[in-house]
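Just the heavy atoms: all of them, side chains too, but no hydrogens, waters or symmetry mates, feed the values below.
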2 protein chains.
Amino acid sequence: MRHGQDGEHVSVGAWTKRCYLAGRAVMDAALRPFDLGSTQWYVLWHLKSGGPIVQRDLGRALELERATLSGIVATLVRKGLIEQTSGGEDQRQRLLTMTSSGEALWRQLPDLSFISQAAFDGIDEADLATTTRVLRLATERLQALARTV
Amino acid sequence: MRHGQDGEHVSVGAWTKRCYLAGRAVMDAALRPFDLGSTQWYVLWHLKSGGPIVQRDLGRALELERATLSGIVATLVRKGLIEQTSGGEDQRQRLLTMTSSGEALWRQLPDLSFISQAAFDGIDEADLATTTRVLRLATERLQALARTV
DNA sequence: CAATATTCGTACGGTAGCAAACGATATGGA
DNA sequence: TCCATATCGTTTGCTACCGTACGAATATTG
């Protein structure tokens with residue numbers, strides 16, 4: 001994608017990047033006062049709504065590689081917001097639990113729903129559905145391609 | 001975007017991220033044998049097709065912050081693929097030029113157009129146009145929002 | 001049961017992005 | 001002319017991705 005050729009193909013690729021980065025920028029700005037990164041927020045959100053979870057399962061839910069999540073978990077543990085225990089049948093696994101400190105921080109965080117609302121409100125539902133369908137199809141194709149390369 | 005609410009809003013946000021990362025993954029895999037990152041590729045591509053350029057102008061063309069491009073330029077200079085000279089009227093500016101070593105590498109690189117083709121070929125042109133329009137609008141809104149936060 | 005293969009988490013090194021702060025250089029006014 | 005202001009590039013420090021390789025633990029298979 002985005003390799004200097006004309007046509008809608010490249011446009012979609014370029015705008016995909018811009019849109020992703022722009023959304024993250026707003027999220028990062030909203031979370032900056034709390035010293036929290038956007039993916040860290042997702043981890044807390046998942047723990048808040050789903051309770052304790054095995055690290056690997058959280059990685060699958062958030063679509064993060066083990067190495068990526070490992071670093072994020074380490075950061076959150078260092079901040080005292082979550083706890084990483086090895087309590088389970090499978091001794092390889094790590095169970096993640098929110099601490100009371102994490103719960104306290106969570107209560108202070110602003111509601112971030114304004115971001116997607118600002119981005120997509122008022123846009124035709126059919127167009128949004130089309131966009132989702134195109135992006136999903138392209139993603140599936142790219143992920144399949146990645147497995148062959 | 002992507003904050004755990006239902007509806008097309010969140011879908012678009014989530015797929016935007018997935019699609020961007022999937023495309024980059026394929027590009028990275030294709031460029032890995034050449035020890036070249038995707039953004040480094042864009043810099044070389046821009047220099048190859050547009051000739052020498054002032055660093056700041058390249059940053060605007062690629063939509064990168066000065067700090068981001070500064071690091072990428074340093075990497076490419078370290079690899080001997082580009083040259084950074086201060087030849088100009090404005091002594092603050094740096095002019096970027098491809099080296100012969102960079103030209104040689106460029107000739108070895110594969111054509112990456114297969115990536116966007118694999119992603120988007122066969123998809124209805126109107127749907128691609130809709131997707132581009134939605135993503136552009138959302139991006140503009142998010143960038144405007146970022147300026148107020 | 002022993003050997004092999006898989007999986008989980010981590011460490012390391014790399015790419016890519018940003019904000020903030022700084023020195024050097026232009027530029028515009030007073 | 002001189003000072004305030006803006007701009008360019010860099011540095012520092014951070015988030016967040018990935019692949020590879022490794023040890024430990026579990027599964028599977030012979």
Participant: Please list all pairs passing the salt bridge (charged side-chain N to carboxylate O under 4.0 Å, His left out) test where one or both residues lie in residues 136-149 of chain A, with sequence neighbours left out.
Facilitator: none
Participant: So what does A/S70 touch, heavy atoms closer than 4.0 Å: a base, only the sugar-phosphate, or nothing?
Facilitator: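 Result for A/S70 = base.
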Participant: Which residue pairs pass the salt bridge (charged side-chain N to carboxylate O under 4.0 Å, His left out) test when at least one of the two sits in residues 87-110 of chain A, sequence neighbours left out?
Facilitator: A/K48-A/E103, A/D90-A/R92
Participant: Heavy atoms within less than 4.0 Å of DNA chain C: which residues of residues 52-61 of chain B have one? Give them sorted by number.
Facilitator: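 Residues of residues 52-61 of chain B that come under 4.0 Å of DNA chain C do not exist, since none gets that close.
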Participant: Considering all heavy atoms of both residues, which atom of B/F114 and which atom of B/V26 are nearest to each other, and what is their separation?
Facilitator: CE1-CG1, 4.4 Å
Participant: Whole angstroms only, please: what is the CG-P distance between B/L36 and C/dT15?
Facilitator: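 Rounded to whole Å, this separation is 9 Å.
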Participant: For A/L47 and A/L58, what are the C-alpha separation, side-chain angles and deciding distance, and is it a side chain to side chain contact (heavy atoms under 4.5 Å, CB included)?
Facilitator: CA-CA 9 Å; A/L47 257 54; A/L58 180 60; 4.2 Å; yes
Participant: So A/W45 and A/Y42, would you call those rings parallel, tilted or perpendicular, with 30° and 60° as cut-offs?
Facilitator: perpendicular
Participant: For A/L64, report the nucleic acid contact type (base, sugar-phosphate, nothing); a contact means any heavy atom under 4.0 Å.
Facilitator: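 A/L64: backbone/sugar contact only, no base atoms under 4.0 Å.
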Participant: Can you check the B/I72 CD1 to C/dT15 P distance for me, whole Å?
Facilitator: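 So the two atoms are 10 Å apart, to the nearest Å.
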Participant: Please report the closest heavy-atom contact between B/S86 and B/Q91, naming both atoms and the distance.
Facilitator: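 That closest heavy-atom pairing would be O-OE1, 4.1 Å.
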Participant: Whole angstrom is fine here: how far is it from CG in A/D28 over to P in D/dA16?
Facilitator: 7 Å
Participant: In terms of side-chain heavy atoms of B/Q84, which of D/dC18, D/dT15, D/dG9 is nearest?
Facilitator: D/dG9
Participant: To the nearest 10 degrees, what angle separates the axes at the start and end of the helix from C/dC1-D/dG30 to C/dA30-D/dT1, five pairs each?
Facilitator: 10°
Participant: Taking the side chain as everything from C-beta on, heavy atoms only, tell me whether B/M27 gets closer than 4.5 Å to B/I115.
Facilitator: yes
Participant: B/V12 and B/T16: which non-hydrogen atoms are nearest, and at how many Å?
Facilitator: O-OG1, 2.6 Å
Participant: So do A/T130 and B/V134 actually touch side chain to side chain, heavy atoms under 4.5 Å?
Facilitator: no
Participant: Whole angstrom is fine here: how far is it from CG in B/L21 over to P in D/dG19?
Facilitator: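 The distance from CG of B/L21 to P of D/dG19 comes to 11 Å, rounded to the nearest Å.
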Participant: Looking only at heavy atoms, what is the nearest atom pair of A/D127 and A/I123, with distance?
Facilitator: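 For A/D127 versus A/I123, the nearest heavy atoms are CB-CG2, 4.3 Å.
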Participant: Are OP1 or OP2 of C/dG14 and a side-chain N or O of B/K79 less than 4.0 angstrom apart?
Facilitator: no
Participant: Can you name the closest pair of heavy atoms from A/T68 and A/L64 and give their distance?
Facilitator: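 That would be CG2-CD2, 4.2 Å.
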Participant: Separation of B/R18 atom CZ from D/dC18 atom P, in whole Å?
Facilitator: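 From B/R18 CZ to D/dC18 P: 13 Å.
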Participant: Measure from CG on A/L62 to P on C/dG9 and round the result to the nearest Å.
Facilitator: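 After rounding, the gap between these two atoms is 13 Å.
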Participant: It should be established whether A/T75 places a side-chain nitrogen or oxygen under 4.0 Å from OP1 or OP2 of nucleotide D/dT15.
Facilitator: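 Checking D/dT15 against A/T75, no side-chain N or O comes under 4.0 Å of OP1 or OP2.
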Participant: With a 4.0 Å cutoff (strictly under), does any side-chain N or O of A/K17 reach OP1 or OP2 of C/dA16?
Facilitator: no
Participant: Send over the distance from B/D35 CG to C/dA16 C1', rounded to a whole Å.
Facilitator: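 That distance rounds to 16 Å.
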Participant: Which nucleotide wins on minimum distance to the side chain of A/Q93, given the candidates C/dG17, C/dC8, C/dT15?
Facilitator: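 Out of C/dG17, C/dC8, C/dT15, the nucleotide with an atom closest to A/Q93's side chain is C/dC8.
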Participant: May I ask you to say what B/T39 touches in the nucleic acid, namely base, sugar-phosphate or nothing, with a heavy-atom cut-off under 4.0 Å?
Facilitator: sugar-phosphate
Participant: All N/O contacts under 3.5 Å from nucleotides 20-25 of chain C to the protein, with atom names and distances to one decimal?
Facilitator:
from	atom 1	to	atom 2	distance (Å)
C/dT25	O2	B/R92	NH1	3.3

Participant: Send over the distance from B/L69 CG to D/dG9 P, rounded to a whole Å.
Facilitator: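 The answer, rounded to whole Å, is 8 Å.
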Participant: Output a table of donor-acceptor pairs, distance under 3.5 Å, between side-chain atoms of residues 69-81 of chain B and any protein atom two or more places apart or on a different chain; print 'none' if there are none.
Facilitator:
from	atom 1	to	atom 2	distance (Å)
B/T75	OG1	B/G71	O	3.1
B/K79	NZ	B/D35	O	2.6
B/K79	NZ	B/Q40	OE1	2.7

Participant: I want to check one thing: is the phosphate of D/dC17, taken as OP1 and OP2, less than 4.0 Å away from some side-chain N or O of A/Y20?
Facilitator: yes
